[in-house]
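A short worksheet on the structure shown next.
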2 protein chains.
Amino acid sequence: MAGKEGNLPAAMRLGHDHARCIEEAMTLAAELCARRGARLTELRRAVLEFVWQSHAPLGAYAILDMLSAEGRKPMPPTVYRALDFLLQQKLIHRIASLNAYIGCIDPGRPHSGQHLICRLCGTVAEVDEEAISGAIAASARDLQFSVEHQTVEVTGICVNCVPD
Amino acid sequence: MAGKEGNLPAAMRLGHDHARCIEEAMTLAAELCARRGARLTELRRAVLEFVWQSHAPLGAYAILDMLSAEGRKPMPPTVYRALDFLLQQKLIHRIASLNAYIGCIDPGRPHSGQHLICRLCGTVAEVDEEAISGAIAASARDLQFSVEHQTVEVTGICVNCVPD
DNA sequence: AATTAGTACGTTATAATATAACATAATCAC
DNA sequence: GTGATTATGTTATATTATAACGTACTAATT
């Protein structure tokens, strides 16, 4: 057996090399923006890096505070504009049920991710299951509903927060 | 062929008898609360009825305004408490992506509903597809994630808002 | 390197959503 | 009816988000 961490997403593997998560996310973001002619400015880079500091989503005002602590003193619109840019570039997701933002684990590929949110540790794991998105698409088709965006947010207790 | 309104949920059938939607919802709510020993007070009843005025979700402050127009002059906590009660009794759902509230179409049966939200007319149709909730449950099981709540909100264009 | 068009950011103010904390009133169980 | 419980009223404030307008930076072209 591979143990309980066998095939889990990084977010739910306690000992994972998170510095590498951040580094990969930042490198990929830079590449994608360059390819798209989108400007990943210092501010936007800083916001994205803060969002990636953990696998728990971060609120806009938490980001504001972190930027303030760094010496910048941005006002809310500045942060929201950076977040809007990152959302447009699909570098982050907004978690509607938490009013907070989290890094996208696979910004290069078009996808409608699903998020598993641990109520105890706050960790959010993104998965992309065709079985889920396909079932939603099929149900919408039955109703002749033209889907633009799927929000799937599953709240519960992650493997690290339940007794074995 | 039954036409485009063949098997659609009431929310998406333009000519449906909405007075009956309201009446059935209110009757069922009264029955369920009685059965559970929960107090469906006048205020809570009024809030539920406002939520059911249409198949588009209603914000807390819109409800506040409607109560004010009726002569009551409640403050926000009063409305939020009524909404909390209705949420606990599963008589309404909160649509996280809209910060708004909508009547539950089947409060008697335990279920995790999915919501299709039309970006144009605001109508929200609730469906309960085992294929969707099952796929989510299966994915969570893979990750040893214990699910407490599923939020599925699908944004797009409903059948009444697209050209034929 | 100046011009300019477009984009990004700064700043002020305020809107929209939600809750904490405590007081009063209604209802229920006995 | 008395006391316990639940519901609502009230004041104040927290949290999340955006409108509107001004300034500065960037990139492309001359």
Side-chain angles (χ1 to χ4, degrees), chain A residues 29-30 33-51 56-68 70-89 91-102 117 122 151 153, chain B residues 29-30 33-51 56-68 70-89 91-102 117 122 151 153:
Chain A
C33 287
R35 189 182 309 163
R36 296 168 180 166
R39 286 156 63 186
L40 186 62
T41 62
E42 246 325 280
L43 175 69
R44 290 160 174 179
R45 237 196 72 86
V47 170
L48 181 58
E49 199 154 359
F50 282 135
V51 166
L58 208 54
Y61 281 76
I63 294 168
L64 194 65
D65 291 344
M66 292 165 112
L67 289 166
S68 291
E70 258 198 344
R72 314 174 194 244
K73 303 285 181 198
M75 301 301 285
T78 300
V79 173
Y80 279 101
R81 280 185 297 228
L83 290 170
D84 286 345
F85 170 86
L86 298 170
L87 286 168
Q88 272 168 35
Q89 297 299 322
L91 297 171
I92 62 173
H93 294 283
R94 180 168 192 277
I95 304 296
S97 54
L98 298 176
N99 297 325
Y101 304 83
I102 190 155
I117 305 165
T151 298
E153 295 174 12
Chain B
C33 286
R35 190 181 310 162
R36 294 168 182 166
R39 285 156 63 185
L40 186 61
T41 61
E42 245 325 279
L43 175 69
R44 290 163 174 176
R45 236 194 74 87
V47 170
L48 181 59
E49 198 155 359
F50 282 135
V51 167
L58 207 56
Y61 281 75
I63 294 168
L64 195 63
D65 291 345
M66 292 165 111
L67 289 167
S68 291
E70 259 197 344
R72 314 174 194 245
K73 303 285 184 198
M75 301 301 285
T78 299
V79 172
Y80 280 100
R81 281 185 295 226
L83 290 169
D84 286 345
F85 170 86
L86 297 170
L87 286 167
Q88 272 169 35
Q89 297 299 322
L91 296 171
I92 61 173
H93 294 284
R94 179 169 193 275
I95 304 297
S97 53
L98 299 176
N99 297 326
Y101 304 83
I102 189 155
I117 304 165
T151 296
E153 295 174 12

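Residue numbers begin at 1 in each chain, while the letters A, B, ... track the order of the sequences.
Comparing the axis of the opening five pairs of the helix from C:dA1-D:dT30 to C:dC30-D:dG1 with that of the closing five pairs yields an angle of 30°, rounded to 10°.
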I'd like to compare against my own output: the B/S/- annotation of nucleotides 3-8 of chain C with a strict under-4.0 Å heavy-atom distance to protein. ----SS
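Scanning DNA chain D 5' to 3' for nucleotides with an atom closer than 4.0 angstrom to a non-hydrogen atom of chain A gives a first and last hit of D:dT16 to D:dT26.
Between atom CG of residue A:Leu67 and atom NZ of residue A:Lys73 there is a gap of 10.5 Å, rounded to the nearest 0.5 Å. Rounding to the nearest 0.5 Å places CD1 of A:Ile92 at 4.5 Å from CG of A:Leu86. Atom OG1 in B:Thr78 sits 8.5 Å away from atom CG in B:Leu64 (nearest 0.5 Å). The structure places CZ of B:Arg94 at 13.5 Å from CD1 of B:Ile102, a figure rounded to the nearest 0.5 Å. Distance check: A:Thr151 OG1 to A:His93 NE2 gives 10.5 Å after rounding to the nearest 0.5 Å.
Counting all heavy atoms, side chain and backbone alike, B:Ser68 lies closest to B:Pro74 at OG-CD, 4.2 Å.
The phosphate of C:dC9 has neither OP1 nor OP2 within less than 4.0 Å of any side-chain N or O from A:Thr78.
Every side chain to side chain donor-acceptor pair (under 3.5 Å) that B:Arg36 has, sequence neighbours left out, goes to B:Gln89. For B:Ser97, the side chain to side chain donor-acceptor pair (under 3.5 Å) partners are B:Glu153, not counting sequence neighbours. In this structure, the side chain to side chain contact (heavy atoms under 4.5 Å, CB included) partners of B:Ala60, at least two apart in sequence or on a different chain, are B:Val79, B:Tyr80, B:Leu83, B:Tyr101.
A straight line from CG of B:Leu40 to P of C:dC28 spans 13 Å, rounded to a whole angstrom. Between A:Leu64 atom CG and C:dG10 atom C1' the separation is 13 Å, expressed in whole Å.
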Do any side-chain atoms of residues 42-51 of chain A form donor-acceptor pairs under 3.5 angstrom with protein atoms, and if so which ones, sequence neighbours left out?
{"from": "A:Arg44", "atom 1": "NH1", "to": "A:Arg39", "atom 2": "O", "distance (Å)": "2.6"}
{"from": "A:Arg45", "atom 1": "NH2", "to": "A:Glu49", "atom 2": "OE1", "distance (Å)": "2.9"}

Check the interface with nucleotides 17-23 of chain C: list each N/O to N/O pair with the protein under 3.5 Å, or write none.
{"from": "C:dA18", "atom 1": "OP1", "to": "B:Arg94", "atom 2": "NE", "distance (Å)": "3.4"}
{"from": "C:dA18", "atom 1": "OP1", "to": "B:Arg94", "atom 2": "NH2", "distance (Å)": "2.1"}
{"from": "C:dA18", "atom 1": "OP2", "to": "B:Tyr80", "atom 2": "OH", "distance (Å)": "3.0"}
{"from": "C:dA18", "atom 1": "OP2", "to": "B:Tyr101", "atom 2": "OH", "distance (Å)": "3.3"}
{"from": "C:dA18", "atom 1": "O5'", "to": "B:Tyr80", "atom 2": "OH", "distance (Å)": "3.4"}
{"from": "C:dA18", "atom 1": "N7", "to": "B:Tyr61", "atom 2": "OH", "distance (Å)": "2.6"}
{"from": "C:dA18", "atom 1": "N6", "to": "B:Tyr61", "atom 2": "OH", "distance (Å)": "3.3"}

